[in-house]
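In what follows, a single structure is set out as structure tokens and then discussed.
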Amino acid sequence: MLRWTTALTLALATGALALPAQAQVWVPAWTASPAPDRLDGTPEAPVQFANQTVRQDMRLASSATALRFRISNELGAVPLHIGGASAQRVGTASPARLVTFNGRADVVVPVGAALLSDPVAMQVPALGDVSLTVYFPDAARPAVRRTAVRIAEGRLAQVEDKVKLAYRQNVVSAVLAERATRPVVVVALGDSITEGATATRGSNGDWPALLAARLQQACPDQVVLVNAGISGNKVVDHGRSHSALARLDRDVIAQPNVDRVIVFEGINDIRHDGGTPPTPGRNADDMLLGYRQIADRLHANGITAIAATITPFGGSDRYEPVSAATRTTLNDWMRGGHSGFDALIDFDQILRDPAKPEYLPADITRDFLHPNDEGYRRMAAGVDLALLGCRAR
């Protein structure tokens, strides 16, 4: 005891007593939701990766001192073989860093599972771009939503910028960032309009990315916003992907330190299916059940639920009066103040043509359903940043 006391006294006297390291937090800095293999191609020539190196560039919504990459095979049909991976800051001379999984560079991700990489030390500013390069030695059918990737034959240390971008499903479903302070973490849950399917490829022109840039400019390092949109997604029913009700726990609640969620989908539920004869879409009562369930489950996990009104689709290929009336009913309900959500973003009001409220203005869409780059810009510009916890400095 005397020896310990003497050492403590000396340490205090010389200022040499080590203090606990500042606690670090992990937050999602980029996400792409798992989605079943679309089975593109033919049985004889399926769209897959095989003996190929694939690079994906991702713009991080948070600053980071270290990164972890989440490789998903949760919706895959066969084991996923990763033959090696590396990460690198895009547009810098910094060297590529080996990405390992519990010390292993070569791993197989079981069906139904995801693997989280070991931390990769890397200083990245908010809105900095990071690339993850993965070698697939065997045939792989990724089960994460489509994103912009560069694909090269064989095993390469790097895939160069000159390789043309492709729009393909890949395997990384999240990039987690380590940082010293906890921000407000916001998840945008939605369909193709949220995914940014009609934004210029590789431009980070989807509305969540544009809104993340606004947030970073207005209140640096205070708010992180990530994209959980999937083309074709629905609130209630499965389509090309699991419904919002089915994927809420995996894609939102399971992400670390989520504070708020923007729920912006429903248009794929209420439109008819385009078949012969067409099957009607969901009615308002069905949709209200789905929305309320999402809000209740978010609240049960301490997460703020923000509703977003459904945007116009007059003139699109599956427009008809019944589904249009359902959209109006749902939007009125969201605006009524008794929906069970905590706040509202009125994307309908932000985007609609004042002269024809059932339509998007012709200059912000190419199919009267999806916004173009200018439409996405208007969506991001129209959001009140205070709803997302931004306190401008």
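All heavy atoms count here, side chains included; hydrogens, waters and symmetry mates do not.
- Side chains of Asn268 and Asn233: a donor-acceptor N/O pair is absent below 3.5 angstrom, by distance only.
- Under 4.0 Å is where a charged nitrogen must lie from a carboxylate oxygen, and between Asp57 and Arg55 at least one such pair does.
- No side-chain donor from either of Thr133 and Gln158 sits under 3.5 Å from a side-chain acceptor of the other.
- Gln216 and Gln222 share no side-chain donor-acceptor pair at under 3.5 Å.
- Judged purely by distance below 3.5 Å, without hydrogens or angles, the side chains of Thr365 and His370 never pair a donor atom with an acceptor atom.
- Between Asp118 and Arg104 there is no salt bridge, since no side-chain nitrogen of the basic residue lies less than 4.0 Å from a carboxylate oxygen of the acidic one.
- One finds a salt bridge joining Arg378 and Asp363 here, because a Lys/Arg side-chain nitrogen approaches an Asp/Glu carboxylate oxygen to under 4.0 Å.
- Qualifying ring-ring contact (aromatic ring centres under 6.0 Å, His included) partners for Phe368, counting only residues two or more places apart in sequence or in other chains: none.
- For the residue pair His81 and Asp106, a side-chain donor N or O sits within less than 3.5 Å of a side-chain acceptor on the partner.
- Comment: Glu178 does not engage Arg68 in a salt bridge, judged by the lack of any side-chain N to carboxylate O separation of less than 4.0 angstrom.
- At a threshold of 4.5 Å between non-hydrogen side-chain atoms, the residues Phe69 and Leu67 count as touching.
- If you check the side chains of Asp346 and Thr309, you find a donor sitting under 3.5 Å from an acceptor.
- Ring-plane geometry between Phe313 and Tyr319 is classed as perpendicular, the angle between the planes exceeding 60 degrees on a 0 to 90 degree scale with a lower cut at 30.
- Screening Leu132, Val159, Asn170, Leu156 against Val54 for a side chain to side chain contact (heavy atoms under 4.5 Å, CB included) leaves a single residue, Asn170.
- Atoms OG and CZ, on Ser241 and Arg145 in that order, are 11.0 Å from each other to the nearest 0.5 Å.
- Side-chain atoms of Ile82 and Tyr135, non-hydrogen and from C-beta on, never get closer than 4.5 Å to each other.
- Side chains of Asp296 and His299: no donor on one and acceptor on the other come within 3.5 Å.
- Atoms CG and CE, from Asp269 and Met287 in turn, are 4.0 Å apart once rounded to the nearest 0.5 Å.
- Asp237 and Arg282 are joined by a salt bridge, as a carboxylate oxygen and a charged side-chain nitrogen come within less than 4.0 angstrom of each other.
- Of the N and O atoms on the side chains of Ser231 and Arg240, not one donor lies less than 3.5 Å from an acceptor on the other residue.
- A donor-acceptor contact closer than 3.5 angstrom links the side chains of Tyr376 and Thr198.
- Ion pairing of Arg335 with Asp348 is present here, as a side-chain N (NZ or NE/NH1/NH2) and a carboxylate O approach within less than 4.0 Å.
- Crowding of Gln217 atom CD: a count of heavy atoms from other residues, nucleotides or ligands under 6.0 Å not exceeding 12.
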Take Asp249 and Arg297, measure what salt bridge (charged side-chain N to carboxylate O under 4.0 Å, His left out) needs, and give me the verdict at the end.
CA-CA 9 Å; Asp249 293 278; Arg297 285 163 59 188; 2.5 Å; yes

